[in-house]
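I have placed the structure first, in the form of structure tokens, so that the comments after it can refer back to it.
Each residue takes its place number in the sequence, starting with 1. Worth knowing before you read on, the calculation uses all heavy atoms, side chains too, and leaves out hydrogens, waters and symmetry mates.
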Amino acid sequence: MEDFVALDLETANSDYASICEIGLVRFSNGIPVDSLSSFVSLPDELDYFENTWIHGITEQDCLTRCDITYSVYRCDDCGARSTKGTIRK
């Protein structure tokens with residue numbers, strides 16, 4: 001089995017740009033070997049939460065968190081520790 005990284009994004013509301021959490025799990029031979037989860041601060045125009053009932057993430061969870069750029073950088077670090085491969089859809 002190949003190594004891969006699974007990505008999960010949670011959104012604060014129905015806007016796809018309202019990412020409030022990024023999660024990654026790196027698998028090696030089908031076994032999870034590394035993970036990362038990062039709450040994301042939302043831009044002011046998207047800073048309203050409708051999806052808390054789905055994922056449990058609240059506005060309070062994201063108030064003092066990283067912006068999306070830093071969160072993606074952290075996720076890239078987790079992904080880079082996996083074997084270099086291709087992204088499949």
Side-chain angles (χ1 to χ4, degrees):
M1 178 176 270
E2 294 183 42
D3 294 353
F4 64 95
V5 175
L7 168 69
D8 178 51
L9 300 174
E10 299 295 345
T11 57
N13 53 60
S14 60
D15 191 313
Y16 293 135
S18 69
I19 297 169
C20 60
E21 183 181 28
I22 299 173
L24 292 172
V25 178
R26 183 168 56 98
F27 291 84
S28 181
N29 294 316
I31 299 169
V33 295
D34 197 6
S35 65
L36 179 138
S37 177
S38 180
F39 288 123
V40 177
S41 293
L42 297 174
D44 289 339
E45 65 274 10
L46 298 174
D47 196 10
Y48 60 96
F49 279 72
E50 297 175 337
N51 294 344
T52 298
W53 65 276
I54 298 171
H55 47 55
I57 301 167
T58 67
E59 185 175 359
Q60 288 296 109
D61 293 325
C62 298
L63 283 179
T64 60
R65 302 303 178 176
C66 308
D67 68 15
I68 189 73
T69 305
Y70 181 74
S71 295
V72 169
Y73 175 78
R74 288 186 61 220
C75 289
D76 186 48
D77 183 46
C78 179
R81 292 190 300 264
S82 69
T83 58
K84 302 296 181 196
T86 57
I87 297 173
R88 297 187 191 152
K89 294 183 179 182

Would you sort out whether H55 and C20 count as a side-chain contact (heavy atoms from CB on, under 4.5 Å), showing the intermediate values? CA-CA 10 Å; H55 47 55; C20 60; 4.0 Å; yes
By side-chain hydrogen bond (donor to acceptor under 3.5 Å, both in side chains), which residues pair with D15, not counting sequence neighbours?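 For D15, no residue satisfies side-chain hydrogen bond (donor to acceptor under 3.5 Å, both in side chains) once neighbours in sequence are set aside.
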Could you work out, with side-chain hydrogen bond (donor to acceptor under 3.5 Å, both in side chains) as the rule, every residue matching T52, not counting sequence neighbours?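 Here no residue qualifies.
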How long is the straight-line distance from [atom2] of [Y] back to [atom1] of [X], given to the nearest 0.5 Å?
| X | Y | atom1 | atom2 | result |
| --- | --- | --- | --- | --- |
| T11 | F49 | OG1 | CZ | 9.5 Å |
| L7 | I22 | CG | CD1 | 7.5 Å |
| S35 | R26 | OG | CZ | 10.0 Å |

Quick check: closest heavy atoms across P32 and V25, and the distance to 0.1 Å? CB-CG1, 3.8 Å
Closer than 3.5 angstrom, by distance alone: can the side chain of N29 be matched with the main-chain N or O of E2 as a donor-acceptor pair? no
Do V33 and F4 sit in the same hydrophobic cluster, where Ile, Leu, Val, Met, Phe, Trp and Tyr count as joined when their side-chain heavy atoms come under 4.5 Å apart?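 No; F4 is not reachable from V33 via cluster members.
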Considering only Ile, Leu, Val, Met, Phe, Trp and Tyr, and joining two whenever side-chain heavy atoms are under 4.5 Å apart, list the other residues clustered with I54.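 Via sub-4.5 Å side-chain contacts, I54 links to W53.
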Residues in side-chain contact (heavy atoms from CB on, under 4.5 Å) with D8, at least two apart? E10
